[in-house]
Every structure is written in C-alpha cells, then in structure tokens.
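For reference, positions follow the sequence shown, starting with 1.
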Amino acid sequence: MAADRKLNGVRGLVVDIDGTLFRGPRLMPGAREFFSFLETRGISYVVATNNTRSGATYSRRFREAGISLGEEHILTCAGATADYLGKNYPPGARVYVIGKEDLREEISARGFALLSGMEEPADLVVVGGDFDLTYRKLKEAVLHIQGGARLIGTNPDLLIPTEEGLIPEAGTTLAALEAATGIRPVIIGKPEHILFDLALDKMGVTPEEAAMLGDRLETDILGGRQAGLMTILVETGVDSRRTAAMKGIHPDLTVKSLRDLIALWEEQK
C-alpha cells in the first residue's frame, strides 16, 4: 500500500513545532488551516517539542499567532520530564535542576522538592538547556550523582539555532556530566521513546493509529519510526528528500508544506 494511503488510518498526530508550525517567530503558511482540518476530521493531536519551555508559554505563543491551543494539546520536554518523574518517583523526592525556570516550575508543580545546592542529598538530577550554566551548577550536579542521584536529561540536543548561531543545549551539559561520573542519563525528548509514549497516552491512541509530523530526520522521523508511528517529513525546516537520501533516514511520506499535506489528506475522503 502506498504511504499516502495510510493517512486514512491515522487517528492521532504528534506534530513538531519549530520548523513545522513556526519558522522563528512566524507561523508557517497553512498552519491555521491545518489545525482546522484536524478538528474537522476528528483527529487527535499533540504538538511536541524538545524545548524546555512550559506548555503555558507555548499556549500563549500559539494564541498570539491566532491559534487557540490548550495545554492539553501541548507537550514540551519540560512537561514531559515532569510527567515522567510523576509516574516513576514519589512526591517529595528531592530534585536538583539545571535548566530554565519553566522546567523548575513544571517539576515543582508535580510535588517534587527542588534543591538550590547541596543542602540535602538529591534523589534526582534533571538537566535541560541553561543559558546561565556555571561551574558551581556542574560541580553540584556531579556531587549529587556521585551520591547516588539518578541523572535525567530533558533532551539530547547538543546545539540549538539562535540569532547568534548554534549554541550549547542540554546535550552538551549531559555529555560533561556523563564524562565526569560515568553515568548515562535517561533521556526524555525526541528521538527517545518516552516523549512519544506520553504523547500517545494524551491522545488515547496506539502507535499503529498515530503518525509523527516533523521537519528533522534525526529527532522527529527517527524517533517516530522507533516508537512505531507512521512518519511524515515536511520540507519547511531542516530536512528534505535530498537529506533523507544522504542520511539514510526515510520517512513514510514526504510533503513540501502543510497545505500540501492537507490536500493529500483531503484526497483520501
């Protein structure tokens, strides 16, 4: 069966954000129509990102772009990490966080005790991107891990694009901590399966009923494929048919834009 014919079997869609729905601060052409299409067709969806901003932050971002998107449809690495901790560790567990304030707030909201330093032994060390990373934070994280704390990484990304260029992200910090301690982190974000599992739970669908839509082969497409989802590459961001051939990561379906995907899906009526 041709890949595009599988669209009729999709009951839930995991959608990447940057490069798929937004290009920088601007909404991608066709994004508003795409969400209307999903609503009309009764297709569940979750927008998912390796960014560690909160769901509330992204909900505001979508609202400012003219799309009403509740937090129940949003899964960031901050929320996914907090959800993972909530499912696997008891409330009150002590957590040392390297990361943005949104990540700290998401973890605190699940009932975990946040440490500011070495005042108590940590049960968990959680690492996200941190633009204010210091030697003290690295040192304290290493000491907590040496003391038995589990190491959790929000995402494996080494670098992120900014107006200045590519700058260090969570993966760079995790690499330093792993080198210092010999402990490999549990990774939550794409391409690992945990974020996909949480997205499927949110939508109430099985992997066989779901698809991943994104612009990056190594995270969106590889991760979706490993999680058992149909994969759709949109050529509005990082990757394309050409880079798929170069990298040897092949999506089930490739489209040039969201509008092209809508048109293809409409043909399946």
Item to check | Exceeds 12 heavy-atom contacts within 6.0 angstrom, atom CZ of Arg184 | outcome: no
Checklist entry - Between Lys87 and Asp197, is there a salt bridge with N-O shorter than 4.0 Å? => result no
Checklist outcome for this item: For Thr231, the side chain to side chain donor-acceptor pair (under 3.5 Å) test, sequence neighbours excluded, returns Asp252
Next on the checklist: Strictly distance-based, threshold 3.5 Å: is any side-chain N or O of Arg110 a donor or acceptor partner for the main-chain N or O of Glu106?
Outcome noted: yes
Item to check | Member of Leu75, Leu69, Val47, Asn51 meeting the side chain to side chain contact (heavy atoms under 4.5 Å, CB included) criterion with Tyr58 | outcome: Asn51
Item to check | Neighbour count above 12 (heavy atom, 6.0 Å) for Arg150 CZ | outcome: no
Checklist entry - Would a hydrophobic clustering, with Ile, Leu, Val, Met, Phe, Trp and Tyr connected at side-chain separations under 4.5 Å, put Leu261 with Leu38? => result yes
Next on the checklist: Gln226 vs His193, test: side-chain contact (heavy atoms from CB on, under 4.5 Å). Steps then yes/no.
Outcome noted: CA-CA 7 Å; Gln226 291 175 164; His193 70 89; over 6 Å; no
Checklist entry - Between Asp130 and Lys137, does at least one N-O distance fall below 4.0 Å, as a salt bridge requires? => result yes
Next on the checklist: When you group the ILVMFWY residues by side-chain heavy-atom contacts below 4.5 Å and let the links chain together, are Ile194 and Ile17 in the same group?
Outcome noted: no
Item to check | Pair Glu64 + Arg60, salt bridge at N-O below 4.0 Å | outcome: no
Item to check | Carboxylate-amine/guanidinium contact Asp123 Arg94, below 4.0 Å | outcome: yes
Next on the checklist: Using every non-hydrogen atom in the two residues, find where Ala210 and Leu200 come nearest and quote the distance to one decimal.
Outcome noted: CB-CD2, 3.5 Å
Item to check | Residue Lys247 excluded, over 12 heavy atoms near NZ under 6.0 Å | outcome: yes
Checklist entry - Side-chain heavy atoms under 4.5 angstrom apart, residues restricted to Ile, Leu, Val, Met, Phe, Trp, Tyr: same cluster for Ile262 and Tyr45? => result yes
Checklist entry - Does the side chain of Thr219 come under 3.5 Å of the side chain of Asn50 through a donor N or O and an acceptor N or O? => result no
Checklist entry - Do the side chain of Arg11 and the main chain of Asn8 share a donor and acceptor less than 3.5 angstrom apart? => result yes
Checklist entry - Are the side chain of Thr172 and the backbone of Leu158 linked by a donor-acceptor contact shorter than 3.5 Å? => result yes
Item to check | Candidate pair Asp18 and Lys190, rule salt bridge (Lys or Arg N to Asp or Glu O under 4.0 Å), full reasoning | outcome: CA-CA 13 Å; Asp18 294 306; Lys190 299 175 288 187; over 6 Å; no
Checklist entry - How would you list, by chain and number, every residue that makes a ring-ring contact (aromatic ring centres under 6.0 Å, His included) with Phe22, sequence neighbours excluded? => result Phe62
